[in-house]
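Numbering of ligands and ligand atoms starts at 1, following listing order. Note that the coordinates shown come from a computational prediction; the quantities given were computed from them, not determined experimentally. Position 1 is the first residue of the sequence, and the numbers go up from there.
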Amino acid sequence: MRISVIGCGYLGAVHAASMVELGHDVVGIDVDEPKIATLRDARAPFYEPGFEELLGRNLRTGRLQFTTDMSEAAGAQVHFVCVGTPQKRGEYAADLRYVEAATESLLQVLQPGDLVAGKSTVPVGTAARLAETVGEKVPGALLAWNPEFLREGFAVQDTLHPDRLVYGLPADGDGEVAERMLDEVYAPIVERGTPKVTTDYATAEMVKTAANSFLATKISFINAMAELCEATGADVKQLADAIGYDDRIGRKFLNAGLGFGGGCLPKDIRAFMARAGELGADQALTFLREVDNINMRRRIRMVELAREVCDGSLLGKRVAVLGAAFKPDSDDIRDSPALNVAAQLQLQGAVVRVTDPAALQNSRRQWPQLDYAETAEEAAERADAVLVLTEWKQYRELDPVAFGGVVAQKRVLDGRNALSRTAWTEAGWTYRALGRRAG
Ligand code: UDX
């Protein structure tokens, strides 16, 4: 099939290259010229393990093109909308301007029989509204909502081997046509028996926001338990292990620590609350406000913990922050808990040096007021405290004995409960972590 992908961010770029892998002819379109030039050059505009290889391999087939020219979408049968839906400035609601703009320009090239397949995370009700516009402007063209669940760091794997397919389809016979077209797009995935849920627009839109809300709630639940552990002397890591053995609960997404950040979870739960408010159902989601609050409190607690280990004052203390990305295997610093903590420490008078294996360039650009170092050793030179705020493998595997020779004071704060308390304390470090007794 010939496919267009509008929006070449994490989602769109990976989707475009993956669709070629599935056997299609694909054009990826984005308004950002430097991004398109980078992709054409077979370089990834962001850090994503396995993506550059996938991109290079599929560009070489000649079946993958990237352009800023929307007219190149003409002739494609399926058009995926993969643009961002960030949080509105000063509001909780999602900013739909990129979705609107993408659909608007797509209407210029759309032909009867074409399918617009939305992938962006949108407030419930958006697909029905867009379907109406598409139907009015290009009779015979259809719209489906096909949410994407990829995780950064696993984007290629999640796109090519999703754990489920969700199709939000138009009513009646149009729904069958749209379903057949999506089945053809995803043929190898469908054929291997991947679970598929075919439903209406509203359910498909809600599947995505409900999934992200559940994940955020799970993380905040264990972080609330961490607060209690701090008050009682209990150990949140053992608690998570013990409750996680119950397969109704499960151990995944029960890692207590600095909480969630990134371009999805925080803004998606807020947009969901905003939309529920518009629909007069805000009570149903008031618990998400608490999920958000618990999450943000972890960042404050981390700063307090740093002050505590620095003998009650951060003024002039040298603090090393290991990790800037919102999670490992990513260079994404959107709403990064690590950078949030680093900035708070600096504002409170600490001399902060931040390092990260992949996110330094983005961090320097977005947070120029912070000081950066290329390596953990450089960041920790003569430090009074070391904070591990993103659990990169490099940091999990640091040798506490050798690393002890770099710092002024052997004090480590494990913001992600990712280090071996025994190994670090045996090497003479004061070990502190959220939700665990001092080691
Ligand atoms: C998320 C969803 O997982 C994905 O399905 C959706 O498509 C997009 O949003 P992503 O933003 O890539 O993906 O990150 P995810 O792996 O979910 O982690 C989100 C945040 O939660 C990170 O900051 C991570 O450090 C934190 N987290 C995760 C925890 O604090 N504890 C955990 O146990 C798991």
Considering only the protein, which heavy-atom contact is closest to [atom], and what is its distance?
{"atom": "atom 27 (N) of ligand 1", "result": "I219 CD1, 3.5 Å"}
{"atom": "atom 5 (O) of ligand 1", "result": "F149 O, 2.8 Å"}
{"atom": "atom 6 (C) of ligand 1", "result": "L150 O, 3.5 Å"}
{"atom": "atom 21 (O) of ligand 1", "result": "F260 CB, 3.2 Å"}
{"atom": "atom 19 (C) of ligand 1", "result": "L265 CD2, 3.7 Å"}
{"atom": "atom 2 (C) of ligand 1", "result": "N212 OD1, 3.6 Å"}
{"atom": "atom 9 (O) of ligand 1", "result": "C264 CB, 3.2 Å"}

Parallel, tilted or perpendicular: rings of F403 and W429 (30°, 60°)
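Because their plane-to-plane angle is under 30°, the rings of W429 and F403 count as parallel.
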Contact summary for [X] and [Y], nearest pair of heavy atoms:
{"X": "G125", "Y": "R275", "value": "CA-NH2, 4.3 Å"}
{"X": "Y395", "Y": "L419", "value": "O-CD2, 3.5 Å"}
{"X": "G259", "Y": "P337", "value": "O-CG, 3.8 Å"}
{"X": "I249", "Y": "K218", "value": "O-NZ, 3.0 Å"}

Heavy atom of [X] under 4.0 Å from ligand 1?
{"X": "G261", "value": "yes"}
{"X": "G262", "value": "no"}
{"X": "K208", "value": "yes"}

Please classify the [X] to ligand 1 contact at 4.0 Å (heavy-atom distances, strictly less than): side chain, backbone, both or neither.
{"X": "I222", "value": "neither"}
{"X": "E148", "value": "backbone"}
{"X": "N255", "value": "both"}
{"X": "R416", "value": "side chain"}
{"X": "L258", "value": "neither"}

With a cut-off of 4.0 Å, which atoms of ligand 1 are near a heavy atom of E152?
12 (O)
Per-atom contacts, ligand 1 versus L254 - under 4.0 Å to a heavy atom
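With L254 as reference, the close atoms of ligand 1 come out as 33 (O).
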Between [Y] and [X], is there a salt bridge with N-O shorter than 4.0 Å?
{"X": "R251", "Y": "D241", "result": "yes"}
{"X": "K208", "Y": "E148", "result": "no"}
{"X": "R248", "Y": "D246", "result": "yes"}

Where the closest heavy atom to atom 16 (O) of ligand 1 is concerned, which of R298, K327, R151 has it?
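Heavy atom nearest to atom 16 (O) of ligand 1 belongs to K327.
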Please state which option from F253, F326, Y10 has its nearest heavy atom closest to atom 17 (O) of ligand 1.
F253
Would you say ligand 1 has an N or O under 3.5 Å from any N or O of L215?
no
For D183, all residues meeting salt bridge (charged side-chain N to carboxylate O under 4.0 Å, His left out), sequence neighbours excluded:
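Only K196 meet the salt bridge (charged side-chain N to carboxylate O under 4.0 Å, His left out) criterion with D183.
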Can you tell me if N146 and K119 form a side-chain donor-acceptor pair at under 3.5 Å?
yes
Are T85 and K267 close enough that a side-chain donor and a side-chain acceptor fall under 3.5 Å?
yes
Tell me if the aromatic rings of F51 and F46 count as close, with their centers under 6.0 Å from one another.
yes
